[in-house]
**Q** 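So that we are looking at the same thing, I have put the structure below in structure tokens.
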Amino acid sequence: MRQTTLIAIFPLLLGLALLLAGCAGRGEPFRKPEARKPKGDPGKAAAEPWFVERALEAGLDSVNDPGPEGSFFMPQSMGNGAALIDFDQDGRLDLYLLNGAGPASTSVNRLWHQEADGRFRDVSAGSGVDVAGFGSGVAVGDVTNDGLPDLFVSEYGGLRLFINDGGGRFHDATADSGLAGRGWGSSSSFVDYDRDGWLDLVVANYVVYDAGSFCHAQDGTRDFCAPAEFPSASATLFRNTGRGPTPHFEDASASSGLATLPGAGLGVLCADFDGDGWDDIFVANDQQPNRLWINRHDGTFVDEAVLRGVALTVIGATAANMGVAWGDVDADGLSDLFVTHLEMETHTLWKQGPRGAFLDQSAAAGLVGAERSTGFGTVLADFDLDGDLDLAWVNGRVFSGPPAPAGTAPPFWLRYAQPNALAENDGTGRFRSVAAANSAFCGRANVARPLCAGDIDNDGDVDLVAGITAGRVLLLENVAPRRGHWLTVRALDPALQRDAIGAVVTVTAGGKIRHRHIQPGSSYLSSHDPRAHFGIGETETIDTLEVLWPDGTRERFPGGSVDRALVVRRGEGASP
Amino acid sequence: MSRRHSDRSRAPASAVPAGSATPPGSAGPPTAPRPASRALSWSARIQALPGWLQLVSCGLLVAIGTAAWIWVNAPPIPRPDLAGADPLVVLAIEDAEARVRMTPESAEAWGDLGLVLYAQSYGREAVECFRRATALDERTWRWPFFAAAASSHLAPADGVTLMEEAIRRDPKAVWPRLLRAEWLVTLGRGDEARADYESLLAVSPEHARARLGLARLLLASGDPDGPLAALGTALDHPSTRRAARQFAAQVAARQGKRDEAERLLTAAAALPADTRWPEDPLAAELPLRRVGKRSRINLVSQMESAGAVAEADALTRRIEEENPEIYLFVEGRLRLEKGEAAAAEKAFRRGVELDPKAVEIRFQLGRAIALQGRLAEAAAVYREVLELEPGYGPGWLELGRCLIQSDRVTALAALESAVAYMPASDEARQELARVRRGSHQEDQAPPAVQEPPRP
């Protein structure tokens with residue numbers, strides 16, 4: 001080629017070369033962080049599923065109604081509760097599901113009876129508990145000591161107490177019960193805090209919501225309001241005075257001290273946090289420090305959440321505390337506390353040690369992984385019977401985010417839907433996600449709030465019920481490959497004719513000591529099976545079984561074989 | 001034959017592949033030779049140009065090529081889903097995007113877009129913009145800090161890694177080390193967190209938040225004596241002194257020193273609440289970047305609370321200029337306060353035209369009409385409000401009030417709905433009770449809520 005030609009076309013070639021170089025590939029502007037891969041045994045990672053969903057198969061065709069969409073009425077986003085209750089004491093757990101469409105809606109709360117064949121039958125009509133309202137939390141307990149569990153329902157705007165009359169009938173005893181409130185009750189729990197044999201009631205209250213408020217995301221789109229927009233409310237403590245067959249409660253919130261500190265309460269747990277045998281009251285507060293009301297044995301409580309390390313996270317920050325679970329995750333003999341938070345936070349596991357003192361050990365427990373979620377109801381239970389407590393929680397945002405795939409939830413709720421979570425305990429208190437193998441529970445995004453646990457089919461393992469906002473309830477039958485044996489213990493107080501709520505059952509087997517708390521009230525807006533369930537692992541004999549009764553007395557019961565359901569009665573054991 | 005003819009007749013080698021000889025019999029008719037003027041090659045034409053013009057042409061081609069390379073090589077601008085977003089938000093984002101398109105190599109342009117996105121809660125897109133700015137500007141730790149801080153809410157581990165660049169650029173900068181230390185603590189990477197805290201304290205020994213953070217870390221890692229020793233100035237700083245004493249009480253309680261713990265708690269309670277720690281550089285940018293109507297209204301409230309009245313007034317005027325429906329809403333409210341219902345109605349009607357979905361404006365329109373005695377018309381407006389917002393308690397209350405004389409049954413139902421949605425409202429309860437007394441009805445429980453009115 002002639003030199004002049006080359007000179008003439010050089011700029012064009014240069015430009016072409018630059019163009020081609022640009023098209024060859026776009027270098028990353030900045031080094032991307034490497035994706036962290038989860039560690040773990042590859043064999044375990046490919047585990048079989050632990051749950052199958054069978055609500056429809058079991059006849060449980062119950063779809064939650066949270067009320068009309070598009071109004072961003074705040075109680076809609078906080079959910080409606082669920083309870084496992086054997087209301088007819090036939091030995092099979094039944095189900096009570098709340099709706100939130102309002103008092104004149106046709107969507108009433110529903111009572112489902114479990115039949116002998118394991119299917120559920122809607123027995124709401126005529127039950128007396130088929131009421132409509134802005135249902136929130138539910139607690140189960142025999143407040144009249146007549147042998148039949150009663151129902152307490154907290155609502156946005158009120159409280160209801162339903163007394164079990166037997167035969168599948170309840171009557172609304174609210175008006176004469178002394179229970180009153182116009183606020184927004186969330187989770188609730190029965191507890192005999194004064195050891196008088198009558199079940200008292202603690203109700204976490206959320207915020208003083210102004211239904212005339214409009215809240216928006218930063219980009220101007222409508223969204224549900226945040227709790228910080230409104231004054232927070234303190235928890236309410238109702239003392240059961242035990243008068244006659246008609247239950248009567250008096251508001252002990254002020255005298256007990258619980259009313260002295262507000263908190264935007266969402267979760268509540270009544271358990272012995274300081275090891276003195278008296279139940280204390282933990283209230284999980286949304287975006288405020290949690291409260292740990294230590295029972296002073298005289299009808300009063302003092303908040304020691306800061307002292308005992310459960311008020312704040314490990315960096316001293318408040319968090320959006322919602323669901324609560326309690327259990328000894330590392331088998332050191334001390335129960336630990338797990339609380340769910342928002343997706344921009346990490347769920348917190350406070351490990352107890354020394355007794356009565358807690359430290360945030362979420363990271364050491366493997367709970368600060370890459371997957372973030374806004375968690376609500378949560379359960380610690382030994383799902384695979386290997387002897388250690390596993391962890392489950394349900395998810396769903398409270399503020400709008402990237403939408404889930406179409407079809408997974410009603411269109412309005414797609415921006416709030418998230419998949420649920422399930423984690424296996426490796427035996428040391430460290431958890432590893434098994435969500436990938438559990439599509440029935442974790443494979444589909446939803447807006448879930450309550451999560452109840454119990455041996456629904458009485459086959460010795462723990463099943464789950466998850467309430468889905470604007471969706472069908474999930475009935476999750478445990479089908480986990482059994483890695484050990486089990487024992488179920490029902491602790492009854494014959495004098496009180498009821499489950500000994502507040503009792504602690506301790507089982508020694510194979511050199512390991514495990515305890516469970518008889519307390520159906522925990523998680524979020526939920527009530528569980530009141531029986532204590534133990535996974536024993538490979539040991540085939542129970543060495544000893546001891547019960548610390550709510551009044552502080554201890555009794556020892558014979559050990560024996562595994563894989564059975566026991567009923568232990570106060571007064572029938574021996575002094576340890 | 002001229003040299004040119006001989007050049008043309010000898011076809012370039014590339015035109016005839018080797019071995020592809022024209023098959024016998026396929027040769028086309030011979031082409032006539034071109035006229036001499038067309039015989040000039042394009043290279044010859046270029047050579048015929050003046051030298052300066054050749055130079056300019058070269059430069060132009062280089063420029064075009066370079067621009068093409070830049071355009072092709074420019075990374076895509078991340079765009080969130082803006083469906084339903086405030087038009088001002090959309091406008092602000094588009095403006096920032098335009099600046100990036102104009103100056104794609106400008107770190108400031110990318111960073112500014114990132115800030116606009118992040119202020120409107122589009123975190124993922126903002127992180128991408130900050131990373132681009134980081135790559136374009138090697139000098140400042142600001143952009144990698146923003147990338148890390150924005151990323152930390154979505155993925156703290158990513159935030160930790162991104163913050164490394166900010167620290168590398170300025171090892172003595174406080175904020176990068178402080179935030180990274182806190183994230184590392186949350187992630188359970190205690191040793192690394194401790195290193196960051198200690199590095200920070202080497203530069204800024206009195207940093208109270210770092211001292212308290214280190215103390216917390218030491219406690220979490222099981223150090224029995226280190227936590228209290230680490231507190232130092234945290235016990236005196238107005239942003240940490242109360243929290244530090246509460247922490248010290250926790251340490252004492254863990255050590256079984258109950259009396260000491262109680263003493264420290266009492267001391268903490270006697271102190272005023274800890275003041276808010278100054279915002280980090282990213283958080284400090286956000287308030288002024290939030291351009292949505294609602295965000296700016298909230299900012300006005302914050303300014304007023306902080307005593308910045310003049311600034312609040314200026315922003316209010318600006319909001320009203322840019323959002324005439326807000327101006328009309330405020331104007332209408334002022335008119336109502338003065339008792340000028342007709343003028344208020346006029347303002348609210350205009351506001352509703354401008355923003356038909358604004359429930360508050362429509363609600364106030366209903367009030368203005370009701371105050372003029374046109375109750376049926378007001379009721380219709382309240383029904384529209386409730387159609388937009390079924391759970392709007394005040395709407396049910398006012399609807400009920402409008403219907404008391406004309407349709408008592410529906411009025412009762414509406415008031416019952418008002419009480420249901422506003423259970424703490426004494427006003428709603430009293431109104432319901434009054435109407436019930438007028439209807440000779442006993443107070444009943446529970447109240448009934450009507451389904452939202454249908455058109």
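Letters A, B, ... mirror the listed sequences (proteins, then strands); counts begin at 1. Please read these numbers as outputs of a predicted model, since none were measured by experiment.
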**Q** Below 4.5 Å, heavy-atom pairs only: which of B:E360, B:R124, B:E182 has the largest tally toward chain A?
**A**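 Between B:E360, B:R124, B:E182, the count favours B:E360.
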
**Q** For a quick test of reading the model, state the closest non-hydrogen atom pair linking B:M422 to A:A211 and the distance between them.
**A**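 That closest heavy-atom pairing would be CG-CB, 4.2 Å.
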
**Q** By a 4.5 Å heavy-atom criterion (distance strictly below it), what part of B:R429 contacts chain A: side chain, backbone, both, or neither?
**A**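 For B:R429, side-chain heavy atoms alone lie under 4.5 Å from chain A.
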
**Q** Please work out whether the ring planes of A:F134 and B:Y421 are parallel, tilted or perpendicular, with thresholds of 30° and 60°.
**A**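 Tilted.
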
**Q** Is it the backbone or the side chain of B:R258 that comes under 4.5 Å from a heavy atom of chain A, or both, or neither?
**A**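 When you check distances to chain A, only side chain atoms of B:R258 fall under 4.5 Å.
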
**Q** Would a 4.5 Å heavy-atom cut-off, applied to side chains only, mark A:T313 and B:T186 as touching?
**A**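 SC-SC contact between A:T313 and B:T186 ruled out.
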
**Q** Which atoms of A:E155 are under 4.5 Å from chain B, going by heavy atoms: the side chain, the backbone, both sets, or neither?
**A**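 The answer is neither part of A:E155.
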
**Q** Please flag which part of B:L187 lies under 4.5 Å from any non-hydrogen atom of chain A: side chain, backbone, both or neither.
**A**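 B:L187 touches chain A through backbone and side-chain heavy atoms alike.
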
**Q** Please state whether the side chain, the backbone, both or neither of A:P402 comes within less than 4.5 Å of a heavy atom of chain B.
**A**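 Only the side chain of A:P402 comes within 4.5 Å of chain B.
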
**Q** So which part of B:L219 gets closer than 4.5 Å to some heavy atom of chain A, the side chain, the backbone, both or neither?
**A**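 Looking at B:L219, backbone and side chain both touch chain A.
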
**Q** Can you tell me which portion of B:S151 sits under 4.5 Å from chain A's heavy atoms? Options are side chain, backbone, both or neither.
**A**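 No part of B:S151 comes within 4.5 Å of chain A.
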
**Q** Between A:T174, A:D172, A:V314, which has the largest tally of heavy atom pairs under 4.5 Å with chain B?
**A**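 Most heavy-atom pairs under 4.5 Å with chain B: A:V314.
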
**Q** Sequence neighbours excluded, which residues qualify as ring pair (Phe, Tyr, Trp, His ring centres under 6.0 Å) partners of A:W184?
**A**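 For A:W184, the residues satisfying ring pair (Phe, Tyr, Trp, His ring centres under 6.0 Å) (neighbours in sequence not counted) are A:Y156, A:Y206, A:Y209.
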
**Q** A:G316, A:A364, A:S213: which one forms the most heavy-atom pairs within less than 4.5 Å of chain B?
**A**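 Ranked by heavy-atom pairs under 4.5 Å with chain B, first place is A:G316.
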
**Q** Chain A: which of B:V185, B:L88, B:V291 shares the most heavy-atom pairs with it under 4.5 Å?
**A**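 Top option by heavy-atom pairs under 4.5 Å: B:V185.
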
**Q** Can you tell me which of B:R216, B:K357, B:Q120, B:R254 forms the most heavy-atom pairs within a distance under 4.5 Å of chain A?
**A**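 Of the options given, most contacts go to B:R254.
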
**Q** Measure B:A119 against the heavy atoms of chain A and call it side chain, backbone, both or neither at under 4.5 Å.
**A**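 Just its backbone gets close to chain A.
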
**Q** Heavy-atom pairs under 4.5 Å with chain B are the metric here; pick the option from A:E345, A:R222, A:E343 that has the most.
**A**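 Heavy-atom pairs under 4.5 Å are most numerous for A:R222.
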
**Q** Might you point out which heavy atoms bring A:L307 and B:A261 nearest each other, and give the distance in Å?
**A**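 Of all heavy-atom pairs spanning A:L307 and B:A261, the closest is CD2-CB, 3.7 Å.
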
**Q** If I compare all heavy atoms of A:G212 with all of B:P394, which pair ends up nearest, and what's the gap?
**A**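 In this case the closest contact between A:G212 and B:P394 is CA-CD, 3.8 Å.
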
**Q** What residue in A:F358, A:F214, A:F73, A:F72 has the most heavy-atom pairs under 4.5 Å with chain B?
**A**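 Heavy-atom pairs under 4.5 Å are most numerous for A:F214.
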
**Q** Of all of A:A363, A:G67, A:A175, which one pairs up most often with chain B through heavy atoms under 4.5 Å apart?
**A**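 That would be A:A363.
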
**Q** What's the spacing between B:L117 CG and A:Q218 CD if we round to 0.5 Å?
**A**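 If we round to the nearest 0.5 Å, B:L117:CG and A:Q218:CD are 13.0 Å apart.
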
**Q** Which atoms of A:T346 are under 4.5 Å from chain B, going by heavy atoms: the side chain, the backbone, both sets, or neither?
**A**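 Contact with chain B involves the side chain of A:T346 alone.
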
**Q** Which residues pass the ring pair (Phe, Tyr, Trp, His ring centres under 6.0 Å) test with B:F363, sequence neighbours left out?
**A**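 B:F363 satisfies ring pair (Phe, Tyr, Trp, His ring centres under 6.0 Å) with B:Y382, B:Y392 only.
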
**Q** I need the minimum non-hydrogen distance between B:S152 and A:R372, along with the two atoms involved.
**A**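 Smallest interatomic distance, heavy atoms only, reads O-NH2, 4.2 Å.
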
**Q** Sort out for me which of A:G158, A:A365, A:G353 touches chain B most, counting heavy-atom pairs under 4.5 Å.
**A**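 Sorted descending by pairs with chain B, the first entry is A:G353.
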
**Q** Chain A heavy atoms under 4.5 Å from B:A92: which part of the residue, side chain, backbone, both or neither?
**A**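 Answer is neither: B:A92 stays 4.5 Å or more from chain A.
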
**Q** Of all the residues in residues 243-250 of chain B, which have a heavy atom that comes within less than 4.5 Å of a heavy atom in chain A?
**A**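 The list, in residue order, reads B:Q246, B:A249, B:Q250.
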
**Q** Could you look at A:Q76 and say if it's the side chain, the backbone, both or neither that has a heavy atom under 4.5 Å from chain B?
**A**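 Nothing of A:Q76, per the 4.5 Å heavy-atom cut-off to chain B.
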
**Q** So which of B:A220, B:A424, B:G123, B:A147 has the biggest tally of heavy-atom pairs under 4.5 Å with chain A?
**A**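 The candidate making the most pairs under 4.5 Å is B:A220.
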
**Q** Please state whether the side chain, the backbone, both or neither of B:P87 comes within less than 4.5 Å of a heavy atom of chain A.
**A**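 For B:P87, no heavy atom lies under 4.5 Å from chain A.
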
**Q** Taking ring pair (Phe, Tyr, Trp, His ring centres under 6.0 Å) as the definition, give me every residue that meets it alongside A:H347, ordered by chain and number, with sequence neighbours left out.
**A**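 By the ring pair (Phe, Tyr, Trp, His ring centres under 6.0 Å) rule, A:H347 matches A:W393.
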
**Q** Evaluate A:D219 against B:R290 for salt bridge (Lys or Arg N to Asp or Glu O under 4.0 Å), listing each step before the verdict.
**A** CA-CA 8 Å; A:D219 64 358; B:R290 289 183 175 131; over 6 Å; no

**Q** Please report the closest heavy-atom contact between B:G391 and A:S71, naming both atoms and the distance.
**A**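 Smallest interatomic distance, heavy atoms only, reads N-CB, 3.8 Å.
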
**Q** Less than 4.0 angstrom from a charged side-chain N to a carboxylate O is my criterion; do B:D426 and A:R182 meet it?
**A**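 Yes.
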
